[in-house]
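Notes to accompany the following structure.
Numbered from 1 within each chain, the chains take letters A, B, ... in sequence-line order.
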Amino acid sequence: MFDAPSSPLGDVPVAFTPEPAATASDYDVIRRALEHLTTRFRSQPTVEEVADVVGLSPSHLHHVFRRWCGLSPKAFLQAVTLDRARDLLRRDDVNLLDASYELGLSGPGRLHDLFVTHEAMSPGDFKTGGAGLVIRWGVAPSPFGVAVLTATDRGLCGIGFADQAGGVQEAYRDLARRWPAASFVRDDAAIGPYAAQAFDPACWSPDRPLRVVLIGTDFEVTVWRTLLSVPLGCATTYGDIAQTIGRPKAARAVGAAVGKNPISFVVPCHRVIGRDGALTGYHWGLTRKRAMLGWETAKRRGDGPAEDGAVA
DNA sequence: ATGCAGTAACCCG
DNA sequence: CGGGTTACTGCAT
């Protein structure tokens with residue numbers, strides 16, 4: 001499944017080199033490439049064309065792209081072309097949602113499907129019990145750009161993304177603002193392992209579950225929990241989530257809650273789309289949502305060769 | 001009261 | 001038919 005040992009995901013054990021220069025500019029290239037591929041997928045741009053746009057040789061682009069996304073540009077394009085993400089909305093999968101949804105939204109619990117242990121904390125609990133809480137935060141590379149992560153000693157509590165080198169500060173502020181009472185400490189080393197695990201779902205196992213802390217209102221936490229049971233490479237709609245949690249008409253409120261999801265990617269808010277298959281919105285940018293969806297779909301298909309000679 | 005990451009319906013090329 | 005726009009909802013905050 002994972003045949004790219006050179007992938008940044010494969011080995012980001014603990015430390016993150018404080019030298020994001022090369023990494024950051026690489027991502028900028030990737031970002032523009034993704035932008036081009038996703039906005040112009042209709043015309044099926046060639047690798048050469050994209051390389052030209054981002055100012056790299058085709059082979060270099062191929063190399064960098066592959067390192068970041070684990071897929072060749074060609075394979076990625078193929079994945080994104082399913083844009084009418086309708087294809088991901090398989091009616092039968094919705095029942096799967098019902099099946100794995102359980103009650104009891106407060107306190108620890110585990111999603112058997114995904115092996116993410118989570119703990120819910122209401123704003124009230126957080127305010128009283130977690131006022132002096134220390135939150136460590138750090139920066140790490142990810143397949144979707146430079147990621148900013150936050151964690152308490154109980155587990156991961158936030159993931160955000162930065163678009164440019166300076167964007168880190170912005171992303172950090174975005175996350176930090178959500179827990180005004182906490183004190184923050186920069187600690188890349190402590191964050192590293194979370195990043196490594198979070199962006200490699202293959203690492204989520206019963207023996208080493210990803211520990212996550214959800215901080216929000218009851219309604220929000222319920223929505224986020226439900227999201228956790230949407231299988232990788234699938235998609236659901238706001239309305240379906242609403243139905244699943246027993247408020248069939250709260251689609252719109254669900255949308256609002258989904259948008260506040262603090263742990264992007266791990267809580268797969270990118271798998272929620274409009275009823276007609278349109279990608280409605282994403283806090284960290286629609287392009288990134290597309291990238292995640294495409295990445296997952298391609299990943300799930302277990303596509304291997306990913307060469308230009310790939311099947312049409 | 002407010003605003004929303006929804007939705008169904010309609011209109012146009 | 002596909003894409004863009006409108007009018008209307010129901011609900012958490």
Side-chain angles (χ1 to χ4, degrees), chain A residues 34-35 38-44 80-91 93-94 97-98 101 103 105-106 120-128 144-145 147 158-163 170-171 174-175 177-181 214-297:
Chain A
L34 288 176
E35 184 81 41
T38 55
T39 57
R40 235 157 296 223
F41 73 95
R42 286 163 202 292
S43 61
Q44 295 285 299
V80 166
T81 304
L82 88 138
D83 185 49
R84 294 313 282 169
R86 235 186 282 256
D87 307 342
L88 296 177
L89 289 173
R90 307 199 25 198
R91 250 5 201 165
D93 292 334
V94 175
L97 235 178
D98 288 313
Y101 177 70
L103 261 73
L105 28 139
S106 183
M121 204 184 283
S122 75
D125 293 341
F126 176 63
K127 197 169 182 182
T128 58
F144 313 107
I159 296 184
F161 295 95
D163 273 331
E170 198 179 317
D174 186 309
L175 288 177
R177 199 180 24 180
R178 306 176 189 220
W179 305 289
L214 264 22
I215 302 174
T217 65
D218 279 359
F219 182 81
E220 286 165 349
V221 172
T222 305
V223 170
W224 300 337
R225 284 191 77 248
T226 309
L227 279 183
L228 280 171
S229 56
V230 178
L232 183 140
C234 293
T236 186
T237 71
Y238 299 91
D240 285 338
I241 300 271
Q243 182 124 15
T244 302
I245 64 176
R247 285 176 194 62
K249 310 196 165 110
R252 209 152 180 175
V254 166
V258 170
K260 289 182 190 162
N261 165 33
I263 317 180
S264 171
F265 186 73
V266 169
V267 175
C269 51
H270 56 279
R271 292 181 201 146
V272 192
I273 63 186
R275 214 184 248 309
D276 62 350
L279 276 53
T280 38
Y282 193 69
H283 188 78
W284 303 103
L286 235 59
T287 294
R288 192 169 268 111
K289 186 171 183 175
R290 276 208 170 93
M292 287 176 178
L293 247 18
W295 184 77
E296 287 188 348
T297 307

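Take A:Arg288 and apply the side-chain hydrogen bond (donor to acceptor under 3.5 Å, both in side chains) test, not counting sequence neighbours, and it matches A:Tyr27, A:Asp163.
Separation of atoms CG (A:Leu232) and CE (A:Met292) is listed at 12.0 Å; rounding is to 0.5 Å. The CD1 atom of A:Ile273 lies 8.0 Å from the OG1 atom of A:Thr280; values are rounded to the nearest 0.5 Å. The line from CG of A:Leu214 to CG of A:Asn261 is 7.5 Å long, rounded to the nearest 0.5 Å. Remark: A:Ile263 CD1 to A:Trp224 CH2 distance equals 8.0 Å, nearest 0.5 Å.
We find that CG of A:Leu279 is positioned 13 Å from P of C:dG3, with the value rounded to whole Å. Whole-Å rounding puts the A:Ile245 CD1 to C:dC11 P distance at 11 Å.
Aromatic ring centres of A:Phe144 and A:Trp284 lie farther apart than the 6.0 Å criterion allows.
Comparing A:Lys249 and A:Glu220 by the nucleotide of DNA chain C that holds the closest heavy atom to each, the one mapping nearer the 5' end is A:Lys249.
Counting any heavy atom pair closer than 4.0 Å across all strands shown, A:Gly259 reaches a base atom.
In this structure, the side chain of A:Arg275 does not engage the main chain of A:Gly239 through any donor-acceptor pair within 3.5 Å.
With the 3.5 Å cutoff on both pairing distances, Watson-Crick and G-U pairs in DNA chain B assemble into runs of at least 3 at B:1-4 with C:10-13, B:6-13 with C:1-8.
Using a 4.0 Å cut-off, no side-chain N or O of A:Thr217 falls inside it from OP1 or OP2 of C:dA12.
Ring geometry for A:His270 against A:Phe265 counts as parallel: the plane angle stays under 30°, on a 0 to 90° scale with 60° as the upper cut.
Of the candidate nucleotides C:dT13, C:dC8, C:dA12, C:dA12 has the atom lying nearest to any side-chain atom of A:Arg247.
Here the range on DNA chain B touched by chain A, meaning any atom under 4.0 Å from one of its heavy atoms, is B:dC4 to B:dA8.
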